[in-house]
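Numbering of residues begins at 1 and proceeds along the displayed sequence.
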Amino acid sequence: MSSYRRLITYGFLLALFAQVALAARQTSITLDEPLHITSGYACLTTGDYRLVEEHPPLVKMMQALPLLLARPRLADPRTVPGWQEANLIRVAQHVVVAYRPIEPLVFAARAPTMLMGILLAALVYRWSTDAFGPQAGLVALILCAFDPNILAHSGVAATDLGAACALFAGMFTFWRWVSQPHGPSWRRCLTAGAVLGLALTTKSSSLILLPVFGALIILARPPGKPLKGYLIQALIGGMTAFLVLWALYRFETGAVPGVPFTVPAPSHLLPLIRLREHMGWGHSAFLMGQNYIHGVWYYFPIAFLLKTPTLTLLALLLTLSGALLRWLPQPGWRTEIALLILPLSYFSVSLTSGINIGYRHLLPILPFLFVWVSRLASWSASLPSGPSRIIPYALLSGYAVVTLTLSPWHLAYFNLLAGGPAGGYRYLVDSNLDWGQTWKALRRYLDEQNIAEFGLSQYTINDPHAYGLNYTPLPPWPDAPAVLAQRFNPPPGIYAISTTQLQGVVVADSEMFDYFRKIEPMERIGHAMFVYKIQPRPPAQWAAECTVPVAPLTPALLAEGLGQDELRVAYFDCTQSWLYPEGNGWYVVPL
């Protein structure tokens, strides 16, 4: 690598780190972070893995590692409520949520994820350079370093970015072993085995590597090389992977429910059981106006189309066309298999998922796509000199500018198909957009507007008081009523409503905040927290209810929803006629 190209490469890696670090300082703790931090901290300090829950602990332990230096020290997980019954939420509320000041702790826990983001980008550059040349490596690096989804998850203490990095590193090191033209190398075999062991301890989805590796040995080894040598080394590599995995659990042995004998690393098997149970229960989700519990097959395809940057989608179409029509460099079908087998397999499995939480579950496919489309660099270099040569540079520059202008709200990215970040909440919420990251910005806005009293609706285990938010709790806070009072006619005041709750997720009634969905907020904090001002209104004297095509509301429900007991109620068929009572009143009609 020339010194000039090395300088450019380091510059883009630094740009990734700078974007993530600055965003991490401006965003508040997200919903899942205290759970991951607490789980990792408990594993590190106690050697007990009861709080691991649904995914292996390596990434969580790395995120908790800087917190061993915290002053004051975090509470010992074994001494707080919830430890005995392995209730991670209760333990997290005493170990992390209650910690003050919380901001330095959160940033320190996010730092290891930032380093994983840099490692992922460096691996993307390396594989792309090896496959398609140095110019392609820079294109892939730019796509990775300015991808808002990669940036969003490189700046939080969660497992998704770590899993993407581990899966990509596992595939890269395995491909370097299996693709050697002179046959398998023991050094590369042991490296691939160790990386596989690390990958298996990052997230349960890493298990997909095992069948993928088996397929690559059969399909993608160099022509003429006998299978036997690869199988022998693969066996040794598998043993290496297991030893690395077992070492993370301190070589423990024990029982697993349903298994009649003692097994090594039982704490690694328990998360798989819990994940299977979670998938059976389902999870509250929202997609394009629909609320549901169990997954739908089209969730992730739609999420991919709406949250993948427009340039990346365009590059995918061009690369697919070029590969089919053969006007792009062809690296050979074995390399094509290595780049596409995991993302295609992973995406196919996602179609059957019963947990539709967010785009973050698709992160592992992105680095493979960055490498796969980077071959477009050779095509752009072949364009005739003149204005056409500027187009690729303009597109990449625009791609970077869009991401930079969105900072620090990378999580809120939606492409033009969704109407940009401002339109995303109409299609997807939860960790696609609204993960609790807006509290710092909300506090600043309230201070600027001299707003002292407001109602807050957000689903989280975190404490807004950690950021100086003194609020009136609205559903679904545990100390709020189950259903919003006067939800058809909210009392005057300031309301800050998370877009996840706005769309009816994790609330008792999915239409609870329907009144607010139909009015324009006074402010949109990070595209994810909407602030509304309800002005005082004169009392109503009547309510006119349409009886067709739906049954009218009961008098009790109408009085509770409007906050008035003594209303004249009139009923009419709005498909045939209309009423115009005198005075102030309400029309109740189906939409």
Side-chain angles (χ1 to χ4, degrees), residues 282 284-294 296 298-299 302 306 356 418-419 422-430 433-434 455 457 459 474-476 480-493 495 497-522 524 530 532-591:
S284 296
F286 171 84
L287 176 65
M288 299 191 301
Q290 178 186 5
N291 294 88
Y292 55 92
I293 298 296
H294 295 284
V296 293
Y298 49 84
Y299 178 90
I302 291 175
L306 296 182
N356 290 170
Y425 78 99
R426 298 186 180 95
Y427 301 92
L428 296 162
V429 287
D430 205 317
L433 167 65
D434 170 28
S457 173
Y459 176 75
L474 304 175
V483 178
L484 181 69
Q486 296 183 220
R487 58 191 180 280
F488 307 145
N489 179 30
Y495 296 78
I497 303 176
S498 150
T499 52
T500 300
Q501 275 56 72
L502 187 71
Q503 298 292 19
V505 180
V506 200
V507 289
D509 179 359
S510 62
E511 300 300 316
M512 188 183 305
F513 295 105
D514 184 64
Y515 179 94
F516 295 92
R517 291 202 294 251
K518 292 179 170 58
I519 63 175
E520 185 66 22
M522 62 187 292
R524 301 174 183 231
F530 290 3
Y532 297 89
K533 184 175 183 179
I534 303 300
Q535 300 285 1
R537 293 176 295 271
Q541 289 84 44
W542 53 266
E545 286 200 68
C546 179
T547 60
V548 177
V550 296
L553 301 175
T554 65
L557 182 58
L558 187 65
E560 186 273 333
L562 293 175
Q564 291 186 240
D565 294 324
E566 299 179 357
L567 286 171
R568 301 196 320 271
V569 180
Y571 301 97
F572 68 106
D573 180 352
C574 57
T575 65
Q576 302 293 327
S577 60
W578 198 256
L579 292 182
Y580 296 94
E582 295 183 357
N584 296 312
W586 294 92
Y587 286 103
V588 183
V589 296
L591 294 179

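Although no hydrogens or angles enter the test, the distance criterion places a donor-acceptor pair under 3.5 Å between the side chain of N291 and the main chain of Q503. Q501 contributes no side-chain N or O that, together with a main-chain N or O of V507, makes up a donor-acceptor pair within less than 3.5 Å. Here the side chain of D434 pairs no donor or acceptor atom with the backbone of S498 at under 3.5 angstrom. Between the side chain of Q576 and the backbone N or O of C574, no donor-acceptor pair lies under 3.5 Å.
From F488, atom CZ reaches atom CG of D514 across 9.0 Å, with rounding to the nearest 0.5 Å. Here the CZ-CZ distance, from F530 to R524, works out to 4.0 Å after rounding to the nearest 0.5 Å. For the atom pair CZ (R517) and CZ (R426), the distance works out to 12.5 Å, reported to the nearest 0.5 Å. Here the CZ atom belonging to F286 is positioned 11.5 Å from the CG atom belonging to D430, to the nearest 0.5 angstrom. Note that CG of L433 is 4.0 Å distant from OG1 of T499, once rounded to the nearest 0.5 Å. Between atom CD1 of residue I497 and atom CZ of residue F513 there is a gap of 5.0 Å, rounded to the nearest 0.5 Å.
Side-chain contact between L287 and N356 is absent, with no heavy-atom pair separated by less than 4.5 Å. Within the 4.5 Å cutoff, the side chain of Y515 has heavy atoms near those of the I534 side chain. Counting heavy atoms from C-beta outward, S457 and P476 have side chains that approach closer than 4.5 Å. Within the 4.5 Å cutoff, the side chain of R487 has heavy atoms near those of the E560 side chain.
Exactly one residue among P590, P552, S577 makes a side-chain contact (heavy atoms from CB on, under 4.5 Å) with C546. That residue is P590.
Counting non-hydrogen atoms of neighbouring residues, nucleotides and ligands closer than 6.0 angstrom, the OH atom of Y292 exceeds 12 such neighbours.
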Atom pairs and distances, donor-acceptor, side-chain atoms in residues 579-587, under 3.5 Å, two or more places apart:
| residue | atom | partner | partner atom | Å |
| --- | --- | --- | --- | --- |
| Y587 | OH | W578 | NE1 | 3.4 |
| Y587 | OH | L579 | O | 2.4 |

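Residues A482 and M512 approach most closely at O-CE, 3.3 Å, considering heavy atoms. Between E545 and L558, the shortest heavy-atom contact is OE2-CD2, 3.6 Å. Shortest non-hydrogen contact noted between Y425 and V429 is O-CG1, 3.8 Å.
Relative orientation of the F516 and Y495 rings is tilted, given thresholds of 30° and 60° on the angle between their planes.
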